[in-house]
Student: 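Provided herewith is a single structure, encoded as structure tokens, for subsequent inquiry.
Index from 1, following the sequence.
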Amino acid sequence: MERSAITQADVDANGRPAPAHVAGQTVTQAVDLLQNRLAERLAQHREARRGRMPVPGQARQ
């Protein structure tokens with residue numbers, strides 16, 4: 001499957017990076033995928049803040 005649209009976002013979640021990069025067949029699809037990926041990343045950060053899991057890419061202290 002050819003991917004012709006790439007989107008990325010680098011969000012600061014209370015001082016911690018939450019990057020997301022995706023590719024799709026169309027710009028609309030890529031943006032939809034990016035929205036889903038960001039929602040996942042922010043949920044991970046929320047859970048990590050509550051002490052339930054480590055933030056992706058960072059060592060737990």
Student: Of the non-hydrogen atoms in H45 and A18, which two are nearest, and what is the gap between them?
Tutor: NE2-CB, 3.6 Å
Student: Taking the side chain as C-beta and beyond, is there a heavy-atom pair between R37 and D32 under 4.5 Å?
Tutor: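 Contact flag for R37/D32 side chains = no.
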Student: Could I get the full list of side-chain hydrogen bond (donor to acceptor under 3.5 Å, both in side chains) partners for E40, not counting sequence neighbours?
Tutor: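 E40: no side-chain hydrogen bond (donor to acceptor under 3.5 Å, both in side chains) contacts found.
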Student: In Å and rounded to the nearest 0.5 Å, what is the CG to CZ distance from L42 to R16?
Tutor: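 The distance works out to 13.0 Å.
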Student: Could you walk me through whether Q35 and T7 pass the side chain to side chain contact (heavy atoms under 4.5 Å, CB included) test, one step at a time?
Tutor: CA-CA 10 Å; Q35 180 181 353; T7 58; over 6 Å; no
Student: Would a 4.5 Å heavy-atom cut-off, applied to side chains only, mark V11 and L38 as touching?
Tutor: yes
Student: So, for T26 and S4, which heavy atoms are closest and what is the spacing to 0.1 Å?
Tutor: N-OG, 4.5 Å
Student: Quick check: closest heavy atoms across A30 and A23, and the distance to 0.1 Å?
Tutor: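 A30 and A23 have their closest heavy atoms at CB-C, 4.5 Å.
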